[in-house]
Novice: 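Before I ask anything, let me first share the structure, which is written out below as structure tokens.
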Amino acid sequence: MAERVYLDWNATAPLRPEARAAVLAALDLVGNPSSVHGEGRAARRIIEQARIAVATLVGAQPAGVIFTSGGTEANALALTPSIEVGGDKTRCDRLLISAIEHPSVRSAGRFPAEAVEEIAVTPAGVVDLPALEQRLGALSATGLRRPLVSLMHANNETGVVQPIAAAAALVHAAGGIMHVDMVQSSGRIPCDIKALGADLATLSAHKLGGPKGVGAVVLGADVHIGDVLIRGGGQERGQRAGTENVAGIAGFGAAVQAAASARVDEAAHMAVLRDRLETGLKAISPDAMVFGAGAERLCNTTLFAVPDVKAETALIALDLDGIAVSSGSACSSGKVTPSHVLAAMGVEPGLARGAIRVSLGPATTENEIGAFLKAWTKLAKGLSKGRTRGLAA
Ligand code: PLP
């Protein structure tokens, strides 16, 4: 059987060898990291090493890292009215999110539906900063004192990078708190929480080459979550109960270290291949529309549509040719409803239904991009034959 070509790294990245080795080694540790004996302390050491690696990636203190079961749980933990900053327990009275957030942020954690508001994005898929500023001003005029604002650093579907530092400056000027979902950006672009102005951030291991089912909330200095999501033992400094996933956390830490040390080279490699992909695509299908092309994007992501090409049909044809891509976000794969991200960008629903996401990784090769373009040529030829027979739909 021909080799498969995996171009769906935003859904999940293959495990990095360093992460695999760390997971396997940790699986053989018998101790519970909360136990005081030598076996327990050995497991604890693995967790604390990973905590340092994750903290270093985002410029935080290790004590600010709370390990969770992934990005979804981390978002659920972070989105609470009860976030204390510098000992101030004033509750957040509003949650503002952009219209392109991941479903785990759109579900709003512990905020009641009536306290959640959406901020628009521009047609390029960038959060509308004047709209955010205006909304923050209107809220403070009505006496609401402490909004929590949650924005993603990079969008999982388009790859568009959001102006987090500028947004955070507005949020802080309005007395608010800034949460940043860094699930897609971490390991790909700089993610220093201080430089970005993030009070809290969310990370997930499997997007940067770690195992699935492990992630973290990172808290800035003096930030504390007042009402935790999972109660029980006092693990993770009382912020997330339950015996830690030692092997998963070990793999997370190793993946973070590998991603951080190779980031600049990996990004340059992916940028070249992504540009080759988009140039090739336009040569085959000149009417291809790349979403978010006018904005700063992650160097690995292309979300595009070609009029009259249905995403489901294209995905199946590409899969039969050995190529794995996705339509919109992984969570919405299999759903025919157009993506909320493209709807928020004002993309016409017919075109949005054809959106195909190709996402590359550090191990993607020039040959794989060539294989994608070859398969796309075949698909486009089939389509134009259908068109001349009046069959395209
Ligand atoms: N946030 C973003 C931007 C994502 O892309 C994802 C996963 O697709 C998540 C959060 C959820 O992360 P996890 O899969 O670890 O639950």
Side-chain angles (χ1 to χ4, degrees), residues 6-15 19 50 54 57-58 65-79 95 97-109 121 125-127 149-162 164 167 178-189 191 196 198 200-218 229-230 240 245 248-249 251-253 255-256 259 292 297-298 300-303 324-335 339-342 344 355 357-361:
Y6 185 75
L7 297 174
D8 200 12
W9 290 65
N10 285 12
T12 193
L15 202 59
V54 170
L57 181 76
V58 296
V65 175
I66 308 166
F67 287 116
T68 65
S69 67
T72 297
E73 185 195 323
N75 281 336
L77 175 59
L79 299 184
L95 173 65
I97 64 174
S98 84
I100 57 167
E101 294 306 311
H102 186 266
S104 56
V105 166
R106 282 160 75 77
S107 67
V121 298
V126 182
V127 66
V149 177
S150 177
L151 297 178
M152 59 195 348
H153 194 187
N155 183 263
N156 44 309
E157 297 187 25
T158 60
V160 170
V161 176
Q162 302 300 318
I164 297 297
M178 184 81 203
H179 166 253
V180 182
D181 179 340
M182 296 181 175
V183 167
Q184 293 290 344
S185 57
S186 48
R188 292 179 176 153
I189 54 177
C191 284
L196 291 168
L200 307 89
T202 288
L203 301 174
S204 175
H206 73 105
K207 308 288 185 176
L208 48 73
K212 298 169 188 68
V214 57
V217 172
V218 181
L229 201 56
I230 302 180
R240 201 276 187 179
N245 172 3
I249 291 170
F252 188 10
V256 158
R297 280 181 299 154
L298 291 178
N300 77 317
T301 309
T302 300
L303 181 72
V325 295
S326 109
S327 65
S329 68
C331 309
S332 62
S333 303
K335 267 202 252 157
S339 114
H340 69 280
V341 175
L342 292 179
R357 181 184 66 188
V358 184
S359 51
L360 321 184

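Scope of the values below: all heavy atoms of this structure, side chains included, with no hydrogens, waters or symmetry mates. One-based numbering along the sequence shown. Both counts, for ligands and for their atoms, begin at 1 and track the order of listing.
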Novice: In terms of atom number and element, which parts of ligand 1 are under 4.0 angstrom from non-hydrogen atoms of G70?
Specialist: 15 (O)
Novice: Go through ligand 1 atom by atom and flag the ones less than 4.0 Å from a non-hydrogen atom of D181.
Specialist: 1 (N), 2 (C), 3 (C), 10 (C)
Novice: For ligand 1, which atoms sit closer than 4.0 Å to a heavy atom of H206?
Specialist: 13 (P), 14 (O), 15 (O)
Novice: Pull out every atom of ligand 1 sitting under 4.0 Å from any heavy atom of S204, numbered as shown with elements.
Specialist: 13 (P), 15 (O)
Novice: Examine the proximity of ligand 1 to K212 and report which part, side chain or backbone, both or neither, has a heavy atom under 4.0 Å away.
Specialist: neither
Novice: Report the part of A205 (side chain from C-beta onward, or backbone N, CA, C, O) that has a heavy atom under 4.0 Å from ligand 1; answer both or neither where that applies.
Specialist: neither
Novice: Partners of A344 by side-chain contact (heavy atoms from CB on, under 4.5 Å), sequence neighbours excluded?
Specialist: A99, I100, V121
Novice: Tell me the nearest of Q184, H153, K207 to atom 7 (C) of ligand 1, using heavy-atom distances.
Specialist: K207
Novice: For the residue pair A205 and F252, what are the closest heavy atoms and their distance?
Specialist: CB-CD1, 3.4 Å
Novice: Just to be sure I read this right, does ligand 1 sit under 4.0 Å from the backbone of T72, its side chain, both, or neither, counting only heavy atoms?
Specialist: both
Novice: S359 and W9: which non-hydrogen atoms are nearest, and at how many Å?
Specialist: OG-N, 2.9 Å
Novice: Is any side-chain heavy atom of V105 closer than 4.5 Å to a side-chain heavy atom of M152?
Specialist: no
Novice: Looking at ligand 1, is there an atom of it that comes within less than 4.0 Å of some heavy atom belonging to S104?
Specialist: yes
Novice: Could I get the full list of side-chain contact (heavy atoms from CB on, under 4.5 Å) partners for I164, not counting sequence neighbours?
Specialist: L151, H153, Q162, M178, V180, L196
Novice: Does A13 offer a backbone N or O that forms a donor-acceptor pair with the side chain of K207 under 3.5 Å?
Specialist: no
Novice: Grab the two heavy atoms, one from A216 and one from V65, that are nearest each other, plus how far apart they are.
Specialist: CB-CG1, 4.1 Å
Novice: Under 4.0 Å, heavy atoms only, figure out whether ligand 1 is touched by the backbone of M152, its side chain, both or neither.
Specialist: side chain
